[in-house]
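Below you'll find the structure, written out as structure tokens, and then a few comments.
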Amino acid sequence: MENKKIIVTGGSGMVGKHLQKFMPNATYLSSKDYDLTSEKQVVQMFYYERPDIIIHLSAKVGGIVDNINKPAEYFTDNIIMNTLLVKYAHIHEVKRFIGILSTCIYPDIVKNYPMKEEELHSGPPTATNFAYGYAKRSLAVQIDSYNKQYGTKYNYLIPSNLYGEFDKYGENSHFVAALIKKIIQAKRENKNHIELFGTGTPLRQFTHSDDLAKVIKYCVDNECYESFNVSTSENYSISEIAKIVLKACGVENLEPRFDTTKPDGQFRKDVSNELMKKCIPNFEYTSLYDGIKKTYEYVNKLEL
Ligand code: NAP
């Protein structure tokens with residue numbers, strides 16, 4: 001891969017910053033370099049950057065409330081960005097394209113869990129991220145279609161919920177980042193509890209962003225063209241996760257209280273990593289406890 005130009009879209013985001021540790025020689029782009037929802041700027045990106053390999057991380061990503069409030073933006077930005085990127089990658093004869101999807105794109109309910117890749121189109125995504133889910137799921141359809149019609153060897157990875165250093169710790173944050181921030185604030189204000197949204201019963205898989213970054217690097221280095229789920233096997237309820245997080249942050253005395261007037265989101269969406277483990281047999285995922293510990297140590301030093 002030494003002489004190949006690797007472009008990472010969304011390079012300024014959480015996953016992009018984790019990937020920089022493992023692939024320091026790639027070029028990391030943000031929306032300040034090119035707005036990839038603009039066809040003109042996508043054309044310019046290909047003209048100026050001349051990529052051999054594209055790792056497509058960029059997306060409009062947000063929490064459950066923002067997804068509920070702005071479905072049109074989540075749909076339009078994501079579907080345009082993805083459609084243009086694959087279309088122009090093919091026009092410019094880019095040999096490798098790795099798209100990053102999300103387990104939010106899976107059907108709301110299936111018969112068997114954990115979900116395998118073949119379940120992807122067996123029902124609509126959950127209502128709380130319906131627009132984002134369909135837009136991102138369409139990237140899988142587009143990549144599969146290009147491979148079928150044009151013989152490209154593009155692939156996509158479907159990670160479960162991600163967390164880690166460089167996550168958003170301000171507005172519009174995801175569950176783990178919001179939880180860590182609440183813990184830090186509760187400690188600062190000498191509170192004895194933290195408040196969490198929903199009932200605490202939904203099941204979630206949280207994968208550390210370093211693990212996704214390592215899988216992406218493996219695919220590039222080893223010419224792995226398979227599309228598969230990327231997720232730890234750990235699948236816990238939100239209240240179990242809260243306990244693990246409190247322990248990893250050394251604040252087991254804080255009581256998690258659940259605000260049941262707030263939405264829960266999808267009840268479960270755990271995916272199988274069987275296919276991924278066939279492709280990368282000795283891969284070891286970071287445990288939730290270890291990943292949170294590492295993340296908390298980093299975030300605790302930030303001025304939130
Ligand atoms: P993130 O932190 O929100 O970063 C998003 C990235 O996309 C940023 O670099 C952003 O650039 C860029 N971007 C957004 N709109 C753009 C536009 N119009 N033109 C060009 N670039 C644009 O996201 P992330 O958490 O790293 O997620 C990376 C990928 O993993 C995404 O495809 C996401 O769907 C997927 N994923 C994420 C999670 C999760 O829990 N975070 C879970 C599963 C899958 P700026 O910095 O300039 O805004």
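Nothing here was measured: the structure is a model prediction, and the numbers come from that model. For ligands, and for the atoms within them, numbers begin at 1 and follow the listed sequence.
Distances below 4.0 Å separate heavy atoms of Leu57 from the following atoms of ligand 1: 28 (C), 29 (C), 31 (C), 32 (O). Within ligand 1, counting atoms from 1 as listed, the ones closer than 4.0 Å to a heavy atom of Ser30 are 47 (O). In the vicinity of Tyr132, heavy-atom distances shorter than 4.0 Å reach the ligand 1 atoms 33 (C), 34 (O). The distance from ligand 1 to the heavy atoms of Ser58 drops below 4.0 Å at these ligand atoms: 7 (O), 12 (C), 13 (N), 21 (N), 22 (C). Atom numbering of ligand 1 starts at 1 in the shown order; those under 4.0 Å from a heavy atom of Pro159 are 43 (C), 44 (C). Atoms of ligand 1 lying under 4.0 Å from any heavy atom of Tyr34, numbered from 1 in the order shown and given with element: 19 (N), 20 (C). Ligand 1 places these atoms under 4.0 Å from at least one heavy atom of Thr37: 18 (N).
For atom 9 (O) of ligand 1, the closest non-hydrogen atom on the protein side is Ser12 OG, 2.7 Å. Counting only heavy atoms of the protein, atom 40 (O) of ligand 1 lies nearest to Leu162 N, 3.0 Å. At the top of the distance list for atom 30 (O) of ligand 1, counting protein heavy atoms only, stands Ile100 CG2, 3.5 Å. Protein heavy atom nearest atom 23 (O) of ligand 1, with residue, atom name and distance: Val61 CG2, 3.7 Å.
No more than 12 heavy atoms of other residues, nucleotides or ligands sit less than 6.0 Å from atom NZ of Lys243. The neighbour count for Glu274 CD, taken as heavy atoms of other residues, nucleotides or ligands under 6.0 Å away, does not exceed 12. Atom NZ of Lys294 has more than 12 neighbouring heavy atoms from other residues, nucleotides or ligands inside a 6.0 Å radius.
Ring pair Phe175/Phe206: centre-to-centre distance below 6.0 Å. Side-chain rings of His208 and Tyr163 approach one another, their centers coming within less than 6.0 Å.
The distance criterion of under 3.5 Å between nitrogen or oxygen atoms is met by Gly10 with respect to ligand 1. Taking any N or O of Lys136, backbone or side chain, at least one lies under 3.5 Å from an N or O belonging to ligand 1. Geometrically, ligand 1 and Asp35 share a nitrogen or oxygen pair separated by less than 3.5 Å. Checked against a 3.5 angstrom limit, the closest N/O atoms of Leu36 and ligand 1 fall inside it. At least one N/O-N/O distance between Val15 and ligand 1 falls below 3.5 Å. An N or O contact shorter than 3.5 Å is missing between Ser102 and ligand 1 by distance.
The shortest separation from a heavy atom of Lys168 to ligand 1 is under 4.0 Å, placing the residue in contact. Contact annotation: Leu101 has at least one heavy atom less than 4.0 Å from an atom of ligand 1. The shortest separation from a heavy atom of Ser160 to ligand 1 is under 4.0 Å, placing the residue in contact.
Closest heavy-atom approach to atom 47 (O) of ligand 1 among the candidates Gly16, Gly63, Ser31: Ser31. Remark: among candidates Met14, Met81, His174, the nearest residue to atom 15 (N) of ligand 1 is Met81, based on non-hydrogen atoms. Looking at Gly13, Ala59, Gly11, it is Gly13 that brings a heavy atom closest to atom 4 (O) of ligand 1.
Lys269 contributes no side-chain N or O that, together with a main-chain N or O of Thr103, makes up a donor-acceptor pair within less than 3.5 Å. Proximity of a side-chain donor or acceptor of Asn229 to a complementary backbone N or O of Met115 within less than 3.5 Å is detected. Using modelled atom types, no side-chain atom of Glu165 and backbone atom of Tyr296 make a donor-acceptor pair closer than 3.5 Å.
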Would Tyr34 and Glu49 count as a side chain to side chain donor-acceptor pair (under 3.5 Å) if you check the C-alpha gap in whole Å, the side-chain angles of each, and the deciding distance to 0.1 Å? CA-CA 11 Å; Tyr34 305 96; Glu49 306 295 341; 2.7 Å; yes
Phe130 and Phe75: ring-ring contact (aromatic ring centres under 6.0 Å, His included), yes or no, with the steps? CA-CA 9 Å; Phe130 192 77; Phe75 185 82; 9.1 Å; no
When you look at Tyr74 and Asp66, which way does the side chain to side chain donor-acceptor pair (under 3.5 Å) test go after all the steps? CA-CA 9 Å; Tyr74 278 89; Asp66 209 47; 2.6 Å; yes
Given the rule in the side chain to side chain donor-acceptor pair (under 3.5 Å) test, do Asp144 and Tyr156 qualify, once you have shown the distances and angles that lead to the verdict? CA-CA 9 Å; Asp144 290 339; Tyr156 48 88; 2.9 Å; yes
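At least one cation-pi condition fails for Lys95 and Tyr225: the charged atom is not both under 6.0 angstrom from the six-membered ring centre and inside a 45 degree cone around its axis. Because its NZ or CZ atom is both nearer than 6.0 Å to the ring centre of Tyr113 and within 45° of the ring axis, Arg268 counts as a cation-pi partner of that residue.
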